[in-house]
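Have a look at the structure below before the remarks.
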Amino acid sequence: MYFIVVKFQTKPEYTANFMDLVTPFTTATRAEAGNLWFDWSRSVEDPAEFVLVEAFTDDEAAGAHVNSEHFMAAMDTMRPALVSTPKIVSRKVEGNDWGDMGELQV
């Protein structure tokens, strides 16, 4: 399994509508072959920070995701809404569910 966590720091004027902005990306990614899960949350410490958690069956599925047309379109759509480059944490995990991931600090 390939596990990815990404933190997005949004500009104040985009924070309230950020989830609407990323809906097409979210929908397309959840439908990808090899996607195990894909979910957004908001930081408890900073309401302008969104956290994306995604997992794919393997490196190949994760690679297909970051090279997909909807991924490229999402990056273009998100870029104006962000304060800085997203912070990415990823790792390969031996296993297939949450319990196999262990603890990951982001």
Using a 4.5 Å cut-off on heavy atoms from C-beta on, say whether the side chain of [Y] contacts that of [X].
{"X": "Lys87", "Y": "Phe8", "result": "no"}
{"X": "Glu49", "Y": "Thr10", "result": "no"}
{"X": "Met1", "Y": "Thr57", "result": "no"}
{"X": "Met78", "Y": "Phe18", "result": "yes"}
{"X": "Val5", "Y": "Ile88", "result": "no"}
{"X": "Asn35", "Y": "Thr29", "result": "yes"}
{"X": "His70", "Y": "Pro24", "result": "no"}

Nearest heavy atoms of Ala61 and Ala33, plus distance in Å
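Closest approach of Ala61 to Ala33, heavy atoms only: CB-O, 4.1 Å.
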Minimum heavy-atom separation for Glu32 to Ala64, with atom names?
OE2-O, 4.4 Å
Path from [X] to [Y] over hydrophobic side-chain contacts below 4.5 Å:
{"X": "Val83", "Y": "Tyr14", "result": "no"}
{"X": "Val6", "Y": "Met75", "result": "yes"}
{"X": "Phe71", "Y": "Met19", "result": "yes"}

Determine whether more than 12 heavy atoms belonging to other residues, nucleotides or ligands lie under 6.0 Å from atom CD of Glu13.
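Correct, the count exceeds 12.
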CA sep, side-chain torsions, deciding dist, call: Leu82, Gln9, side chain to side chain contact (heavy atoms under 4.5 Å, CB included)
CA-CA 6 Å; Leu82 302 177; Gln9 187 68 36; over 6 Å; no
May I have the step-by-step check of side chain to side chain contact (heavy atoms under 4.5 Å, CB included) for Phe25 and Leu52, ending in yes or no?
CA-CA 12 Å; Phe25 172 62; Leu52 170 63; 4.2 Å; yes
In terms of ring plane angle, is the pair Phe50 and Trp40 parallel, tilted or perpendicular, where the classes change at 30° and 60°?
perpendicular
Indicate the ring-plane relationship of Phe38 and His65, choosing parallel, tilted or perpendicular according to the 30° and 60° boundaries.
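Geometry flag for His65 against Phe38: perpendicular rings.
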For the atom pair NZ (Lys11) and OG1 (Thr15), what is the distance rounded to the nearest 0.5 Å?
11.0 Å
Sole candidate of Ile4, Leu36, Val66 that passes side chain to side chain contact (heavy atoms under 4.5 Å, CB included) when paired with Phe56:
Ile4
Asp46/Lys7 ion pair, N-O < 4.0 Å
no
